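In what follows, a single structure is set out as structure tokens and then discussed.
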Amino acid sequence: MNFTLLVTVILTAITLVAAAYVIAKLLGPRTYNKVKGEPFECGIPTHGSSWLPVSIGYYLFAILFLMFDVETVFLYPWAVVVQKFGVMALVSIGFFLLVLVFGLAYAWRKGALEWK
């Protein structure tokens with residue numbers, strides 16, 4: 001019973017995606033020109049190559065953001081079951097937060113949070 005429902009959902013999803021793609025190809029506008037293929041930014045024509053090296057600071061900042069974003073995701077289920085597990089839940093989340101604070105302190109000390 002459950003397997004049949006799963007197959008039905010998957011086939012329906014595939015059918016709807018394929019139908020949307022076919023309809024967009026058949027009814028969508030077709031205007032191809034050289035200007036459309038060029039990189040566009042704020043209405044100003046680009047000069048030179050659009051492939052420029054990106055500072056590593058952006059990547060470090062993104063990784064730190066994801067680290068603390070994942071922390072928030074883990075805190076919600078913990079908050080739901082904290083009363084059920086008692087003191088052990090508090091100890092484990094305290095250790096989890098301590099590791100994150102040490103990670104933040106390390107990144108701060110290394111200058112990962114400074115824009116240069």
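Starting from 1, each residue takes its place in the sequence as its number. Quick caveat: nothing in here was measured; it's all calculated off a predicted structure.
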Reported CG-to-CG distance for the pair Leu90 and Leu97, which is rounded to 0.5 angstrom: 10.5 Å
Interatomic spacing from CG in Asp69 to CG in Leu64 - rounded to 0.5 Å: 12.0 Å
Check: Ile93 main-chain N/O paired with Trp78 side-chain donor or acceptor under 3.5 Å: no
Determine, using the 4.5 Å side-chain heavy-atom cutoff (strictly less than), whether [X] and [Y] are members of one ILVMFWY cluster.
| X | Y | value |
| --- | --- | --- |
| Ile63 | Phe96 | no |
| Met67 | Phe102 | no |
| Leu100 | Trp108 | yes |
| Phe74 | Leu104 | yes |
| Val81 | Val87 | no |

Step-by-step side chain to side chain contact (heavy atoms under 4.5 Å, CB included) determination, Val7 to Phe3: CA-CA 6 Å; Val7 170; Phe3 184 71; 3.7 Å; yes
Smallest separation among heavy atoms of Thr8 and Thr4, with atom names: OG1-O, 2.7 Å
Closest non-hydrogen atom pair, Ala79 against Val82: O-CG1, 3.6 Å
Phe68 atom CZ, neighbour heavy-atom count above 12 within 6.0 Å: yes
